[in-house]
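Structure first, then comments.
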Number of protein chains: 2
Amino acid sequence: MSSTQMLKGIIDGCILAIIHNKEVYGYELAEKLEEYGFHSFSEGTIYPLLIRMQKEELVTSTLKKSTAGPRRKYYSLTPKGELELQKFMERWHQLESSVNRVLHHESDTGQ
Amino acid sequence: MSSTQMLKGIIDGCILAIIHNKEVYGYELAEKLEEYGFHSFSEGTIYPLLIRMQKEELVTSTLKKSTAGPRRKYYSLTPKGELELQKFMERWHQLESSVNRVLHHESDTGQ
DNA sequence: ATTAATATCATGCATTGCAAGGTATATAAA
DNA sequence: TTTATATACCTTGCAATGCATGATATTAAT
């Protein structure tokens with residue numbers, strides 16, 4: 001049971017949420033995730049994930065020149081990506097509720 | 001991105017939390033997790049996990065007769081398991097905060 | 001020319017939830 | 001007896017994914 005295992009299936013949604021707010025490039029994403037409190041985040045996680053999400057048509061990308069380094073690949077959400085973000089948020093809130101009920105030993109009243 | 005992926009590394013903690021409250025057997029665990037709002041839970045998840053946790057000395061087990069079926073294997077937390085539960089709760093709250101910050105576009109103020 | 005910061009990508013391992021299938025016990029109905 | 005049902009546990013192997021590692025390219029400063 002490690003901290004990284006708990007991220008499985010969650011990073012995707014977080015990345016969608018960040019891109020939804022404003023188009024970003026991969027390197028920037030790593031920094032933003034740090035700001036939000038996710039530590040020790042690997043680029044070996046982020047780049048393959050972005051490529052996977054583009055294959056699934058959740059995001060699109062465009063290359064733009066950088067002022068200090070190689071070109072950046074900026075990502076934006078597709079309509080399908082927006083929908084997936086909505087679904088993620090539902091699943092997240094569901095999970096959050098369930099885990100907190102377990103930790104506080106409360107049953108699911110179905111609200 | 002599926003619902004089951006989001007459970008990775010989280011079920012362990014939830015099971016520890018349930019056992020902490022009161023000793024339980026595997027079959028009962030599946031039912032309790034349903035009560036707490038976790039749906040479509042497989043015994044193919046629970047039993048291997050309990051065995052793994054016993055190997056890691058987080059839980060101990062004792063067989064007891066059942067009134068209606070084969071003997072039940074009741075699990076209790078070891079001191080190591082109690083400690084692991086504490087650590088899980090910390091990791092969970094940390095994750096919960098980070099994800100919610102991302103979803104609401106707030107930075108980590110470090111409280 | 002060298003260094004450092006920026007920026008992206010590919011490969012392969014380790015972990016783990018779960019589907020699928022199997023075994024065994026107890027009770028009750030046929 | 002035979003069958004069915006609910007209870008209870010276990011094993012095998014697949015699929016998904018975070019990440020360690022290592023590679024490559026661009027720009028600016030020393």
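All of these numbers come straight from a predicted model, not from anything done at the bench. Throughout, protein chains are lettered first and strands after them, A, B, ... in sequence-line order, and every chain is numbered starting at 1. Just so it is clear, the values below take in all heavy atoms, side chains as well, and ignore hydrogens, waters and symmetry mates.
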**Message:** Just the rounded figure in Å: distance from C1' of C:dG17 to CD1 of B:I10.
**Reply:** 12 Å

**Asked** So what does A:T45 hit on the nucleic acid, given a heavy-atom distance under 4.0 Å: a base, only sugar-phosphate, or nothing?
**Response** base

**Prompt:** Under 4.0 Å: is that the gap between some side-chain N or O of B:K73 and OP1 or OP2 of D:dC10?
**Reply:** yes

**Request:** Not counting sequence neighbours, list each pair that qualifies as a salt bridge (charged side-chain N to carboxylate O under 4.0 Å, His left out) and has a residue in residues 67-80 of chain A.
**Result:** none

**Asked** Expressed in angstrom and rounded to an integer, what is the separation of B:L50 atom CG from D:dA8 atom C1'?
**Response** 13 Å

**Prompt:** B:T4 side chain: which of D:dC19, C:dC18, C:dT8 is closest?
**Reply:** C:dC18

**Fill in**
Here the distance between atom P of D:dG18 and atom CG of B:L95, to the nearest Å, is 12 Å

**Any residue meeting side chain to side chain contact (heavy atoms under 4.5 Å, CB included) with A:E106, in chain and number order, not counting sequence neighbours** = A:R101, A:H104

**Request:** Find the distance B:I51:CD1 to C:dG17:C1' and express it as a whole number of Å.
**Result:** 15 Å

**Message:** My understanding is that only residues two or more places apart in sequence, or in another chain, count here; which of them pass side chain to side chain contact (heavy atoms under 4.5 Å, CB included) with B:E43?
**Reply:** B:Y27, B:Y47

**Asked** What integer distance in Å separates B:K55:NZ from C:dT15:C1'?
**Response** 14 Å

**Item:** Those residues that, when tested against B:H105, pass side chain to side chain donor-acceptor pair (under 3.5 Å) (two or more places apart)
**Value:** none

**Asked** When you measure from every atom of DNA chain C, which of residues 59-71 of chain A have a heavy atom less than 4.0 Å away?
**Response** A:S66, A:A68, A:P70, A:R71

**Request:** Please check if atom CD in A:E82 has more than 12 non-hydrogen atoms from other residues, nucleotides or ligands closer than 6.0 Å.
**Result:** yes

**Asked** Counting only side-chain N and O atoms of A:Y25, is one of them less than 4.0 Å from OP1 or OP2 of C:dT8?
**Response** no

**Nearest heavy atoms of B:V59 and B:L50, plus distance in Å** = CG2-O, 4.1 Å

**Request:** Write down the distance between CG (A:L7) and P (D:dA20), rounded to a whole number of angstrom.
**Result:** 11 Å

**Request:** Compare the minimum distances between each of C:dA19, D:dT17, D:dC19 and the side chain of A:I11, then state the nucleotide with the smallest one.
**Result:** D:dC19

**Prompt:** Which residue, B:T78, B:L16, B:T60, forms the side-chain contact (heavy atoms from CB on, under 4.5 Å) with B:M53?
**Reply:** B:L16

**Prompt:** What's the closest nucleotide to the B:Y47 side chain, out of D:dC10, D:dG18, C:dG17?
**Reply:** D:dC10

**Prompt:** With sequence neighbours left out, which residue pairs that include part of residues 14-29 of chain B fulfil the salt bridge (charged side-chain N to carboxylate O under 4.0 Å, His left out) condition?
**Reply:** B:E23-B:K64

**Request:** Specify the residue among B:G44 and A:Y75 whose closest nucleotide of DNA chain C lies further upstream toward the 5′ end.
**Result:** A:Y75

**Prompt:** Given atom CE of A:M6 and atom C1' of C:dG17, what is their separation to the nearest angstrom?
**Reply:** 15 Å

**Prompt:** Out of D:dC19, C:dT8, D:dC9, which nucleotide sits closest to the side chain of B:R72?
**Reply:** D:dC9

**Complete:** Those residues at least two apart in sequence (or on a different chain) that pass ring pair (Phe, Tyr, Trp, His ring centres under 6.0 Å) with A:Y36 are none

**Message:** Just the rounded figure in Å: distance from C1' of C:dT11 to CD of A:E43.
**Reply:** 16 Å

**Item:** ring-ring contact (aromatic ring centres under 6.0 Å, His included) contacts in which one or both residues fall within residues 56-85 of chain B, not counting sequence neighbours
**Value:** B:Y25-B:Y74

**Asked** Closer to the 5' end of DNA chain D via nearest nucleotide, is it B:P48 or B:K8?
**Response** B:P48

**Complete:** Dot-bracket assigned to DNA chain D with the 3.5 Å Watson-Crick/G-U criterion, [ ] for crossing and | for other-strand pairs, is ||||||||||||||||||||||||||||||

**Request:** Tell me what B:E28 touches on the nucleic acid: a base, only sugar-phosphate, or nothing, going by heavy atoms under 4.0 Å.
**Result:** nothing

